[in-house]
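Below is one structure, written out as structure tokens; the observations come after it.
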Amino acid sequence: QPTAEPKQWCLADFEVGKSLGKGNFGHVFLAKEKKSGFIVALKVLYKRQLATTNIEKQLRREVEIQGNLRHPNILRLYGYFHDDTRVFLILEYAAKGELFAELQIKKKFTEYEAAKYVAQMTNALLYLHSKRVIHRDIKPENLMLGLNGELKIGDFGWSVRTGKLDTRRGTLCGTLDYLPPEMVEGRSHDKNVDVWSLGVLLYELIVGDPPFESDGVEEITYTRIMKVDLHIPKYVSRDATDLITRLLRYSSSDRLSLKAVMHHPFIVKHIHP
Ligand SMILES: COc1ccc(C(=O)Nc2ccccc2)cc1NC(=O)CCSCc1cnc2[nH]ccc2c1
């Protein structure tokens, strides 16, 4: 049985459909693989725009790492191909789009919905950490929703790839909101950065805004993160408040472990009532 050599794809293999949006650096289209009818998201990157020259190597590495990642809450990168001016990423299509769009429409989620997303996120992070992959740039813009509304981590280590912060929210601070103190202060970071981001996500899903935002003034966001200047509204339940305060701890070793998150009353009472 010969090893399954990754197939060499080309644009002619696909019927390209509607635009799914202009992501960071790339335009994404709905596409159908002609032979199988399989629906994918085709992300087009222009070589001219890509930061580094050895993008091939970086992409190969990324396809290798992500090729081994198989989890229902992690968006798949199936492969890539290129022509002389463009690179095409063959990505899983998340039928319900970005969580961020849903959050903007609904303003905030019920604690039940928030618990469901946080539990799925925690499962994905436990899986990534077991594969020694961390800092997945967690924020609603990078989280997608599958056909049944299941959460999927949609993008990987963006800051690692380009060193630039994603300004999709229009202002840089949209990105700073999720950074933990150790990264704001430029100190070393470990897998517990993802636990901090999980706390920021839980807060934002229930309250509708991230906990340390300061409408566009970065310095204030920095300061509020470093001081863990956290104000949890009264309408947030005792269990949700308890979990948020156990995730948003200045010192990374004081934060709840991902395993403990799965056993926290806020998650248990909503997921396994
Ligand atoms: C695993 O995921 C990714 C893996 C790699 C890259 C990437 O860009 N790598 C890169 C870039 C430059 C140089 C080297 C490597 C991006 C993603 N993911 C996304 O870009 C977000 C979803 S885009 C797809 C998608 C799906 N489903 C949707 N439904 C509605 C819109 C939509 C949009």
Side-chain angles (χ1 to χ4, degrees), residues 6 9 14-33 38-83 85-105 117 120-121 123-125 127-128 131 133-169 174-175 178 194 201:
W9 295 104
F14 299 91
E15 249 166 67
V16 182
K18 68 172 181 174
S19 161
L20 290 173
K22 263 185 152 330
N24 25 33
F25 272 74
H27 204 148
V28 188
F29 296 89
L30 198 56
K32 176 159 73 173
E33 200 277 316
F38 195 75
I39 300 292
V40 294
L42 209 51
K43 182 169 187 177
V44 186
L45 301 156
Y46 286 90
K47 288 184 176 176
R48 207 178 37 259
Q49 274 180 345
L50 288 174
T52 61
T53 45
N54 61 352
I55 200 66
E56 281 293 301
K57 198 164 64 64
Q58 199 174 342
L59 260 172
R60 234 190 304 280
R61 203 172 63 79
E62 201 162 303
V63 169
E64 206 170 291
I65 297 171
Q66 296 178 35
N68 304 327
L69 296 179
R70 294 270 196 294
H71 190 279
N73 300 119
I74 295 176
L75 200 78
R76 290 284 310 281
L77 169 59
Y78 297 118
Y80 76 101
F81 56 92
H82 60 97
D83 60 19
T85 58
R86 298 166 294 184
V87 175
F88 298 85
L89 302 183
I90 308 168
L91 292 159
E92 179 182 353
Y93 170 57
K96 289 218 167 108
E98 294 187 354
L99 176 65
F100 185 45
E102 170 110 354
L103 181 61
Q104 284 188 309
I105 295 164
Y117 289 134
Q120 291 170 354
M121 188 77 221
N123 277 324
L125 290 174
Y127 176 79
L128 286 175
K131 301 268 176 181
V133 166
I134 60 166
H135 188 42
R136 295 300 116 207
D137 212 358
I138 299 166
K139 52 184 183 279
E141 296 94 316
N142 284 346
L143 304 179
M144 319 290 296
L145 294 171
L147 196 58
N148 307 315
E150 74 277 20
L151 179 139
K152 290 176 180 281
I153 300 183
D155 197 354
F156 284 77
W158 184 253
S159 47
V160 169
R161 259 198 308 274
T162 57
K164 297 187 184 66
L165 288 170
D166 176 355
T167 59
R168 205 111 54 92
R169 264 190 183 173
T175 310
Y178 277 69
D194 291 338
L201 179 71

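Side chains are part of it too, since the values below use all heavy atoms of this structure and drop only hydrogens, waters and symmetry mates. Whatever order the structure lists them in is the order used to number ligands and atoms, beginning at 1.
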- prompt: Which of the atoms in ligand 1, numbered in the order shown and given with their element, are less than 4.0 Å from a heavy-atom of L91?
  reply: 1 (C), 2 (O), 3 (C), 4 (C), 17 (C), 23 (S), 24 (C)
message: Looking at Q66 and L77, would you say the former's side chain and the latter's main chain have a donor-acceptor pair under 3.5 Å?
response: no
Non-hydrogen side-chain atoms of I153 and I138 separated by less than 4.5 Å: no
Identity of the nearest option to atom 7 (C) of ligand 1, non-hydrogen atoms only, from L89, L77, V28: L89
task: For residues V40 and F14, determine if any side-chain heavy atom of one lies less than 4.5 Å from a side-chain heavy atom of the other.
output: yes
- prompt: Atom OH of Y78 and atom CD of E33: how far apart are they, to the nearest 0.5 Å?
  reply: 12.0 Å
- prompt: Quick one: does G97 get within less than 4.0 Å of ligand 1, heavy atoms only?
  reply: yes
- request: Identify which of G154, G21, S19 has a heavy atom lying nearest to atom 21 (C) of ligand 1.
  value: G154
Please tabulate, one pair per line, all N/O donor-acceptor pairs under 3.5 Å involving side-chain atoms of residues 86-95, not counting sequence neighbours.
unit_1: R86; atom_1: NE; unit_2: D83; atom_2: OD2; d: 3.0
unit_1: R86; atom_1: NH2; unit_2: D83; atom_2: OD2; d: 2.7
unit_1: E92; atom_1: OE1; unit_2: R76; atom_2: N; d: 2.8
unit_1: E92; atom_1: OE2; unit_2: K152; atom_2: NZ; d: 2.8

statement: In ligand 1, the atoms that come under 4.0 Å of a heavy atom of L45 are 11 (C), 12 (C)
query: What part of E92, side chain, backbone, both or neither, has a heavy atom within less than 4.0 angstrom of ligand 1?
result: backbone
message: Do R70 and Y127 have side chains that approach each other closer than 4.5 Å (heavy atoms only, starting at C-beta)?
response: yes
- request: Go through ligand 1 atom by atom and flag the ones less than 4.0 Å from a non-hydrogen atom of K43.
  value: 8 (O), 16 (C), 19 (C), 20 (O)
message: With heavy-atom distances below 4.5 Å as the criterion, would you say the side chains of K47 and T85 are in contact?
response: no
- prompt: Side chain, backbone, both or neither: which part of A41 has a heavy atom under 4.0 Å from ligand 1?
  reply: side chain
query: Does A94 reach ligand 1 with a nitrogen or oxygen that is under 3.5 Å from one of the ligand's nitrogen or oxygen atoms?
result: yes
message: Suppose I only count heavy atoms of Q66 and a 4.0 Å limit; which atoms of ligand 1 are within that range?
response: 1 (C), 4 (C)
- prompt: Which value, rounded to the nearest 0.5 Å, describes the distance between L151 atom CG and L75 atom CG?
  reply: 10.5 Å
statement: Under 4.0 Å between heavy atoms, the region of E98 that gets near ligand 1 turns out to be neither
message: Applying a heavy-atom cut-off of 4.0 Å, say which part of N142 lies close to ligand 1: side chain, backbone, both or neither.
response: neither
